[in-house]
Each structure stands twice: as structure tokens, then as C-alpha cells.
Amino acid sequence: MEAIWRSYDTVAADYARTVKDPGALDPLSRAVLGAFAELVMSAGLGPVADVGCGPGKVTAYLSGLGVPAFGIDLSPGMVELARTAHPELRFDVGSMSALTADDGELGGILAFSSTHHLPPVELPAVYAEFHRALAPGGHLLLVTRVGAEEHRHRTYGYGGDPAPFDSYRLPEDRIAELLEQAGFTITGRTLQAPEAGAERPVAGFLARKPATAAASQG
């Protein structure tokens, strides 16, 4: 985890300049974010944590849609940029593998292109942590690139800054299986072809924590 936040601290300013604002994303990506916003607002179960929020662009986008959202990121540099750009919103330094939320406190969790740095062996514990922190009936949106059990190591980041990054790609069905094993019910899936300059498709998973223990057993 330390290697991740140190690398993102190094590239934070270039990352914030390079990454698109959510309003400039493709129509399907915006539609998935909009659907997630509608689901969590309709449920009315609590705030939404944007885990791996980076400079806060997606957190602010959700807030603009009426979602009570706050951001969490490992990188203090990213959190500082997010607080500066969006002083009206809450941003915390923290880890998605050990959320500070109480059991069942959150109405929603967004992991938008933020879990791909985790080795696959760590994903079950992270998904279980998402499940723990969500209220019964709460919603998760997970968006990530998918592939065939791939591990990539880079020595540079956004803007060409020297910083090591490891990333992992899993098959779409494997991610869905891990979410279900953590106790989630998959309510929707999307798969987008790679955009220009990219090599791997992007998968989106809308999932729900069952409202009752009986529902999860049935």
C-alpha cells in the first residue's frame, strides 16, 4: 500500500490535469454513474464513499447529481488536491481495505478505476470490507479494466514522472464471482470496448448488499 500512495503522491498534479472530468466521459460511463446515483438516492440509506477518489473529480460529479458523497484516497497528495479543488466536500486519507465507517454506515460505495493496483489475492478481503461497511440494501459500483489474469509493472506515471505502478487485470466473470462470494448480488454489468489508445475493455458492476440475512441466504 505504501508504494501505491508514494507513486500517486509523485504524479498527483499531472494526474489531476490529465484525467477527464466525468462530464466529459463517454455516454455509457456517465449513464452508469447516473444509475448508481439514482439507486443510492432512492435507497436513502446513508452517505456514499468514493474509494480511491484521487483529485475528487468523480466525488464532485456525484455530489452535483445530489448524492451525499465523500472521498477516500491513500495518497495525501491526491487528497490535498481534492480538498483544494472542492472545499465544500469531505476528503479523507485512508485505505479501501480498512474503511473507518462503522458496520452498515454507508448507503453506497464507488470504486471507479481504483482497485486495479491490488493483487488479486487481496480482492476478497477488500470486497468483504465494502460489504461490511454498506447498509443492508446499499449499493456498490465497481468500474475497472478487465483482462486475462494479467500483471503489469510500469516505472513511470502520468506526465512521465518516474514512479512505479503495478496493475492487475482479471476476467470479468472472475470479478463478478468474487463479489458474489463477498455477499453481493450483482444487479447490472456493462462491458465497454477499449477506447482509442487503450488495450483492455472496461467492465462496470452494479451490486447490492441484500437487505436482510434471509435474502442473502436465499
Side-chain angles (χ1 to χ4, degrees), residues 4 22 25-43 45-46 48-53 58 62 67 69 72 95-99 101 103-104 106-152 166-195 198-218:
I4 296 174
L25 293 173
D26 62 275
L28 182 56
S29 294
R30 297 198 310 272
V32 171
L33 285 169
F36 175 69
E38 185 174 342
L39 286 168
V40 295
M41 286 190 294
S42 296
L45 294 172
V48 170
D50 178 8
V51 298
C53 66
V58 182
L62 287 179
V67 176
I72 302 168
S95 171
M96 67 178 70
S97 63
L99 299 172
D103 292 356
L106 302 177
I109 292 176
L110 172 67
F112 195 88
S113 297
S114 60
T115 59
H116 60 284
H117 295 302
L118 296 172
V121 69
E122 296 181 17
L123 290 177
V126 169
Y127 295 167
E129 178 67 353
F130 292 171
H131 189 273
R132 178 198 66 78
L134 277 174
H139 296 275
L140 167 70
L141 172 57
L142 172 69
V143 177
T144 188
R145 293 197 183 277
V146 292
E149 302 283 353
E150 301 167 8
H151 172 208
R152 294 190 170 191
D166 287 287
S167 61
Y168 303 85
R169 309 284 186 243
L170 286 180
E172 180 189 4
D173 287 344
R174 178 59 178 153
I175 294 173
E177 179 183 24
L178 291 174
L179 288 170
E180 290 171 341
Q181 288 175 356
F184 287 101
T185 299
I186 305 293
T187 58
R189 288 167 58 168
T190 60
L191 185 65
Q192 297 173 251
E195 67 272 22
E199 298 178 4
R200 298 293 179 266
V202 175
F205 303 85
L206 280 166
R208 181 173 178 266
K209 180 176 178 176
T212 65
S216 64
Q217 293 168 1

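Here the structure is a predicted model, which is why all the values come from computation and not from measurement.
Glu172 pairs with exactly one of Arg145, Arg189, Arg200 by the salt bridge (Lys or Arg N to Asp or Glu O under 4.0 Å) rule, that one being Arg189.
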Item to complete: Show your working on side-chain contact (heavy atoms from CB on, under 4.5 Å) between Phe36 and Val67 and close with a plain yes or no.
Response: CA-CA 10 Å; Phe36 175 69; Val67 176; 5.8 Å; no

Worksheet item: Between Met96 and Ser114, does a side-chain contact (heavy atoms from CB on, under 4.5 Å) hold up when you go through it step by step?
Response: CA-CA 9 Å; Met96 67 178 70; Ser114 60; 3.9 Å; yes

Item to complete: Verify side-chain contact (heavy atoms from CB on, under 4.5 Å) between Leu123 and Tyr168, making sure each step is shown before the conclusion.
Response: CA-CA 11 Å; Leu123 290 177; Tyr168 303 85; over 6 Å; no

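Between the side chain of Glu129 and the backbone N or O of Leu99, at least one donor-acceptor pair lies under 3.5 Å. Between the side chain of Ser167 and the backbone N or O of His116, no donor-acceptor pair lies under 3.5 Å. With hydrogens and angles ignored, the 3.5 Å screen pairs a side-chain donor or acceptor of Lys209 with a backbone N or O of His131. Looking at Arg174, its side chain never comes within 3.5 Å of a backbone N or O of Ala148 through a donor-acceptor pair.
A distance of 5.0 Å separates CG of Leu141 from CG of Leu110, quoted to the nearest 0.5 Å. Distance CZ/Phe130 to OG/Ser97: 9.0 Å, rounded to 0.5 Å. The CZ atom of Phe205 sits 9.5 Å away from atom CG of Leu178, with the distance rounded to the nearest 0.5 Å.
The side chain to side chain donor-acceptor pair (under 3.5 Å) test applied to Arg208 returns no partner, not counting sequence neighbours. Scored by the salt bridge (charged side-chain N to carboxylate O under 4.0 Å, His left out) test, Arg30 finds no partners at all (sequence neighbours excluded). By the salt bridge (charged side-chain N to carboxylate O under 4.0 Å, His left out) test, Glu180 is found to be paired with no residue, residues two or more places apart in sequence or in another chain being considered.
Counting only heavy atoms from C-beta outward, the side chains of His139 and Leu45 never approach each other to under 4.5 Å.
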